[in-house]
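To start, the structure itself, in C-alpha cells.
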Amino acid sequence: MGKFVPNPDFNRELKATPTFQRALHVGAEAAAAQARLIAPRHTGAYARSIEVADVDGHPVIKTTDPFGHLVEFGSANNVIYAPLRRGVRAAGLRFTESPKP
Amino acid sequence: MAVATIPDAERIVSDYLRSHADVVALATRVVGKTPDTVSTSWVRVTLLDAANEAGSRPERLIDYMLQLDCFAGATGGQPEANSLARTVRAVLHEMPGLQGGVVVTCVRFIGMARIPDTDFEPARERIVLTATVWMHG
C-alpha cells in the first residue's frame, strides 16, 4: 500500500506555475473592467486611469489618477464611489486592501 | 402583501454604535453624512455594496460592505482619530448577534487606512475603516 506524503512546498510551487499566474491576471483584469464600469464619468479620465500592474509577482489593480483617493474613499464633500473595492466584488472576488507602503 | 426587504445595514450598524457604551464614552457622533458642525469627532457610515452571499438563497443572507470614516475633532488630531477608529473596530467586532430585529452573523474588516481629509484646512485626521457585515432578517 502506498503512503501519501504531502508536499510542504505545494502552495508555493502551485503559485509559481504560469497557469496560476495567468489565472490571477485574468481575475485582476476582470475586476479592473468592473471598476471602470463603476467609475464616475465626466471626461472618462479616471476610468482610463485604472490598470492592472505587477507588484512582486502579484497582480494589483490600481489607479494612476492623482485624485484617485478622493474617488475611492470620498471626503467630507465628495461622494464615495469606491470603484476599486466594488469592482473586485462585482467580479466575484474577495477584496483585501493593500495601501501603498 | 408587502415585499420583504433586506435589512437596512446603515441603520442597524449606526444604531448599534450609538448605543454602545464605549462609543458613547467618546462623545462622538454617528452620522450618515458630514455634520454641519465639525468641531468634535464623528463617524460617518456609508453603504458601499450589498451582495447575496454565495451558498445562501437569494436575498436571505446579505454581505454588506460598509465604509466608516472616523474623523477627529478640530483639535484631536491623529490620536483622536486613531482611538476612535480602533474603538469602532473593536465595538463592531462584538456586534454579531440579534441587533434591532436583525441577525448579524459575522463582521470582518478588509481595510483600515489613515487618509486625512484635505477638504478641511488644515487637513482633518481621518481613519477609513472598510468592513463587511453579514446579516439577515
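Just so it is clear, the model here is predicted, and its values are computed rather than measured. A, B, ... follow the sequence lines: proteins, then strands. Residue 1 opens every chain.
For chain A, the nearby parts of B:Leu48 are the backbone and the side chain; heavy atoms of each come within less than 4.5 Å. Contact of B:Phe109 with chain A is not made at all, since no heavy-atom distance falls under 4.5 Å. Contacts of B:Arg124 with chain A are absent, with no heavy-atom separation under 4.5 Å from either backbone or side chain. At a 4.5 Å heavy-atom cutoff, the contact between A:Arg89 and chain B is made by side-chain atoms alone.
Follow the hydrophobic side-chain contacts under 4.5 Å out from B:Val30 and you reach B:Tyr64 in the same cluster.
The two residues A:Ala76 and B:Asp119 make their nearest non-hydrogen contact at N-OD2, 3.6 Å. Across every non-hydrogen atom of A:Phe73 and B:Asp69, the tightest pair is O-OD1, 4.2 Å.
Within a 6.0 Å radius of NE2 in B:His93, no more than 12 heavy atoms belonging to other residues, nucleotides or ligands are found. Counting heavy-atom neighbours within 6.0 Å of B:Arg108 CZ, excluding the residue itself, gives a total of 12 or less.
Using a 4.5 Å heavy-atom cutoff, the side chains of B:Arg44 and A:Ile80 are in contact.
A distance of 8.0 Å separates OG1 in B:Thr130 from CD in A:Glu72, rounded to the nearest 0.5 Å.
Considering only heavy-atom pairs separated by less than 4.5 Å from chain A, the leading option among B:Val38, B:Thr46, B:Asp63, B:Thr118 is B:Asp63.
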